[in-house]
Amino acid sequence: AEMAKSVTVTTIVSSSTQATQVKTEYQSKGINVTNCNFLVAPHDSYWTRDYGPLFIAGDQKIEIVDFTYNRPRVNDDNIPIKLATFLSINAYSMNLVQTGGNYMNDGISIAASTDLVWDENTSITHSEINQLMQSNLGVTNYIVREDPQGEYIKHVDCWGKFLDVDKILIAKVSTTNANYSKYETAATFFANQTTSWGNKYQVYRVNSPNGEPYTNSYILNNKVLVPQTGSAYDADALAAYRAAMHGYTVIGFTGSWESTDALHCRVHEIPDLKMLKISHTPTLGTIVQQNSYLISSQVKAYSGQSVYPDSIRVFYKVNSGNYQSIKMTQGTGNTYTASIPQQPAGSTISYYIHAA
């Protein structure tokens, strides 16, 4: 119901008859069915995260990469191809045994999994796995870690989550937990890694002393949907997300959650196939005072429509002042630049890029 308030929700059903039944049930629960559609396809389970496709943003369009699902569920393994047909987009096969719950990426060039990906692909070397990730998904830094949970499932979404290009959430357990040191090692590891933006990760922690699946959340545009279990740590989990993700609406949801199976496991995002993509490596931290500060960005409209030239602007403010804007100038291809003028030493400059 929450998702259907603002986006189209696709539900996988086994038949058109079931689609009608589900739609009727949705209506009875007050769900906005005008924002619901149905993919009619045989399937074996509801873990759409695990068997769902990986999406890539090519030069001109959004496409699908389909891996070999690591469970003996043929119908589930076929869903990425069924979805590609449903969305009328291309799909490519990647010869790698994988599962979506054990894959997270930063949207640029870094991805992370547990060593389950090594366990299930013993016929190829680690470097060959890295090459597959790079050639199929554009991942140039594939981070593979030991699973600190020690669970059979070994899915990264059970204990960690990228919240932004340079932010990661890691579960935290009590010092009496046998795996305490492994969780702390994972947190320390990421704190020392270089992000796709060239800085270090900001590591946020969420208390999960009894296996509460707080990292198994779902980010939907400007909302964060967080599993709640009735634990005394529920409120702290919501607070952890709010501290890390300013400007997002963080909402808790109860459900039939397990420590290794919650919201993220059962939902898979579908990108906006006509999105307006603004790619920018931000200027961060303390820098030497300069005559001006160059801001460069790639702006690409996947709709195929022209971007309004006068809409591409840098909005900036100095300290607590008002925002002002500078028009960006188009260079080669989809590259646009502008320069923020020199400011008094010690100033804090905040900025964002706008395009339409």
Side-chain angles (χ1 to χ4, degrees), residues 1-9 35 57 104-108 110 157 160-171 190-191 195-207 214-228 234-253 262-264 267 269-272 274-286 293 295-302 311-326 328 336 338 340 347-356:
E2 181 63 39
M3 291 188 290
K5 289 178 181 178
S6 54
V7 301
T8 299
V9 178
N35 281 350
M104 62 179 180
N105 71 78
D106 69 350
I108 302 179
I110 295 177
D157 67 358
K161 187 177 187 70
F162 284 142
L163 303 180
D164 201 345
V165 174
D166 64 348
K167 295 179 181 179
I168 188 170
L169 184 70
I170 303 289
F190 278 102
T195 75
S196 293
W197 283 346
N199 59 340
K200 300 298 182 183
Y201 282 100
Q202 302 172 60
V203 179
Y204 293 84
R205 307 300 301 274
V206 59
N207 284 315
Y214 299 131
T215 62
N216 206 276
S217 62
Y218 181 64
I219 301 171
L220 177 66
N221 297 334
N222 63 346
K223 297 177 183 178
V224 188
L225 315 183
V226 182
Q228 302 278 269
D234 280 357
D236 288 344
L238 299 180
Y241 277 95
R242 288 169 183 145
M245 304 179 74
H246 299 286
Y248 287 78
T249 300
V250 178
I251 313 170
F253 288 92
L263 252 167
H264 189 256
V267 180
E269 69 282 349
I270 296 176
D272 178 358
K274 296 185 178 182
M275 70 177 179
L276 176 59
K277 183 178 181 181
I278 301 175
S279 303
H280 170 68
T281 300
T283 299
L284 300 168
T286 301
Y293 307 92
I295 306 298
S296 178
S297 179
Q298 296 274 335
V299 179
K300 182 181 299 184
Y302 281 79
S311 76
I312 306 176
R313 311 183 74 87
V314 174
F315 284 77
Y316 75 95
K317 69 176 182 178
V318 182
N319 300 320
S320 57
N322 296 323
Y323 275 102
Q324 50 191 313
S325 71
I326 305 171
M328 301 187 79
Y336 294 80
I340 297 175
S347 300
T348 297
I349 301 174
S350 306
Y351 73 93
Y352 64 89
I353 296 168
H354 174 275

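Here, residue 1 is the first one in the sequence, and each next residue gets the next number. Keep in mind that what you see is a predicted model, and the values were worked out from it rather than measured. The figures that follow rest on heavy atoms only: side chains count, while hydrogens, waters and symmetry mates do not.
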Evaluate the side-chain proximity of [Y] to [X]: yes if any heavy-atom separation is below 4.5 Å, no if none is.
X      : Y      : result
Tyr336 : Ile295 : no
Tyr214 : Lys161 : no
Leu225 : Met3   : yes
Tyr248 : Ile219 : yes
Tyr293 : Thr283 : no
Thr195 : Asp106 : no
Trp197 : Ile108 : yes

Under 3.5 Å, side chain of [X] to main-chain N/O of [Y], donor-acceptor pair present?
X      : Y      : result
Asp164 : Asp166 : no
Thr215 : Asp157 : yes
His280 : Gln298 : no

Using side chain to side chain contact (heavy atoms under 4.5 Å, CB included), reason through His264 and Met104 one step at a time and then give a plain yes or no. CA-CA 11 Å; His264 189 256; Met104 62 179 180; over 6 Å; no
Can you tell me how far apart [atom1] ([X]) and [atom2] ([Y]) are? Round to the nearest 0.5 Å.
X      : Y      : atom1 : atom2 : value
Gln228 : Ile251 : CD    : CD1   : 11.0 Å
Ile278 : Ile312 : CD1   : CD1   : 8.0 Å
Tyr201 : Ile168 : OH    : CD1   : 6.5 Å
Ser297 : Lys277 : OG    : NZ    : 10.5 Å

Are a donor atom and an acceptor atom from the side chains of Asn207 and Asp236 found within less than 3.5 Å of each other?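 No.
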Will you find, in the side chains of Ser217 and Tyr241, an N or O donor that is under 3.5 Å from an N or O acceptor?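 Short answer, yes.
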Whether Phe315 and Tyr352 hold their rings parallel, tilted or perpendicular, with breakpoints at 30° and 60°: parallel
Identify the residue among His354, Gln324, Met328 that makes a side-chain contact (heavy atoms from CB on, under 4.5 Å) with Val314. Met328
